[in-house]
Amino acid sequence: MSAAVPPSEIRHALVLGGGGAVGLSWMAGVVIALREAGIDPALAERIVGTSAGAVVGAALAAEVDPSLLLRRPAPDSDLPPIRFDPNSFGEIMGILATPGLDPDEARRRAGARALEMAVGDPADHIARIGGFVGNASWPQRDLRITAISVTTGALQVWTPEGKATLPEALASSTSVPGVFPPIPIDGAYYFDGGMRSPINADLAAGAERMLIIEPLAHLFPHSPTDRELGGAATAFIVPDAGAIAAYGPDLFNAAALEPAYQAGLRQGAEAAPGLKDFWPAA
């Protein structure tokens with residue numbers, strides 16, 4: 001799916017990729033450091049967020065302090081802890097990689113299998129993710145949040161005009177299959193938009209300039225659709241060797257959140273000088 005628009009309508013687009021809890025902390029660090037250096041990612045005319053990137057994008061669009069993205073449930077919270085089961089996730093990835101299977105059909109099958117897995121209550125995940133943005137209502141910005149339909153396997157793009165509340169849209173986009181349950185919205189189920197692409201950059205096609213912050217560039221290849229950018233000039237911020245080491249192997253490991261955040265702060269400060277003539281100043 002492409003969402004190309006004339007360049008005159010969008011000069012700057014911000015694309016934020018998936019990354020689990022650890023990647024979210026890294027992105028928060030990058031964004032905070034960029035702002036401290038006078039580069040404000042929120043000045044984009046369009047923001048595209050996938051999975052963890054959807055949470056960061058919504059916070060920026062809603063003018064939520066990015067430091068609040070570092071909040072974790074209180075020890076006495078009723079929300080269950082996040083548990084990453086590599087076997088369940090590996091099973092889903094195996095379905096998605098089935099040779100010769102149409103991508104939409106592969107995602108449909110993966111979503112159907114995710115529905116069968118006992119990985120928690122969708123209401124808990126909506127509450128958990130909504131808490132990052134204070135359960136805010138949709139900001140009146142060009143914000144696009146990606147998810148996948150379990151019914152069809154096709155991309156679903158949530159916007160302020162859609163049927164999902166902001167917490168529902170964010171929960172669906174971050175519903176990593178095998179880790180979180182698919183999210184029911186208006187009679188159907190949806191899961192992680194990163195199963196189509198880690199960045200879904202084609203949804204910002206037509207922008208003159210595109211800043212892409214991609215937490216998992218070292219793990220997941222781009223989709224062919226990510227080349228459909230309408231000639232946009234692009235700048236990438238991706239984790240370096242130090243950030244990757246800080247992440248560790250479990251993208252939901254609470255012990256890795258602070259090291260990932262610190263790595264993001266460092267990389268954001270390092271990237272800022274190169275963006276001075278590319279991105280509008282704060």
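Keep in mind that the numbers below use all heavy atoms, side chains included, and drop hydrogens, waters and symmetry copies.
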Asks: Taking only Lys NZ, Arg NE, NH1 and NH2, and the carboxylate oxygens of Asp or Glu, determine whether Arg144 and Asp142 approach each other closer than 4.0 Å.
Replies: yes
Asks: Whether the side chain of Ser173 engages the backbone of Ser51 through a donor-acceptor N/O pair (distance < 3.5 Å, no angle test) should be reported.
Replies: yes
Asks: Any side-chain donor paired with an acceptor under 3.5 Å for Glu161 and Trp138?
Replies: no
Asks: Identify every side-chain donor-acceptor pair in residues 89-101 under 3.5 Å, counting partners at least two apart or on other chains, and give the distances.
Replies:
| unit_1 | atom_1 | unit_2 | atom_2 | d |
| --- | --- | --- | --- | --- |
| Glu91 | OE2 | Arg113 | NE | 2.6 |
| Thr98 | OG1 | Gly94 | O | 3.4 |
| Thr98 | OG1 | Ile95 | O | 2.7 |

Asks: State which residues pass side chain to side chain contact (heavy atoms under 4.5 Å, CB included) with Ala59; sequence neighbours excluded, sorted by chain then number.
Replies: Val64, Leu69, Val133
Asks: What verdict does the side chain to side chain donor-acceptor pair (under 3.5 Å) test give for Ser175 and Asp192, after you've listed the backbone C-alpha separation in whole Å, the side-chain angles of each residue and the deciding distance to 0.1 Å?
Replies: CA-CA 5 Å; Ser175 177; Asp192 190 351; over 6 Å; no
Asks: Are Ile244 and Leu257 co-members of a hydrophobic cluster defined by side-chain heavy atoms under 4.5 Å apart?
Replies: no
Asks: What do you reckon, are the aromatic ring centroids of Phe252 and Phe180 less than 6.0 Å apart?
Replies: yes
Asks: Look only at the side chain of Glu208 and the backbone of Ile10, and say whether a donor-acceptor pair between them is shorter than 3.5 Å.
Replies: no
Asks: Using 30° and 60° as the class limits, which term best fits the ring planes of His222 and Phe236: parallel, tilted or perpendicular?
Replies: parallel
Asks: Name every donor-acceptor pair, under 3.5 Å, that has one atom in a side chain of residues 274-282 and the other anywhere in the protein, sequence neighbours excluded.
Replies:
| unit_1 | atom_1 | unit_2 | atom_2 | d |
| --- | --- | --- | --- | --- |
| Lys276 | NZ | Ala37 | O | 2.6 |
| Trp279 | NE1 | Asp40 | O | 2.8 |

Asks: Checking the side chain of Asn200 only, and the main-chain atoms of Gly194 only, is there a donor and an acceptor separated by less than 3.5 Å?
Replies: no
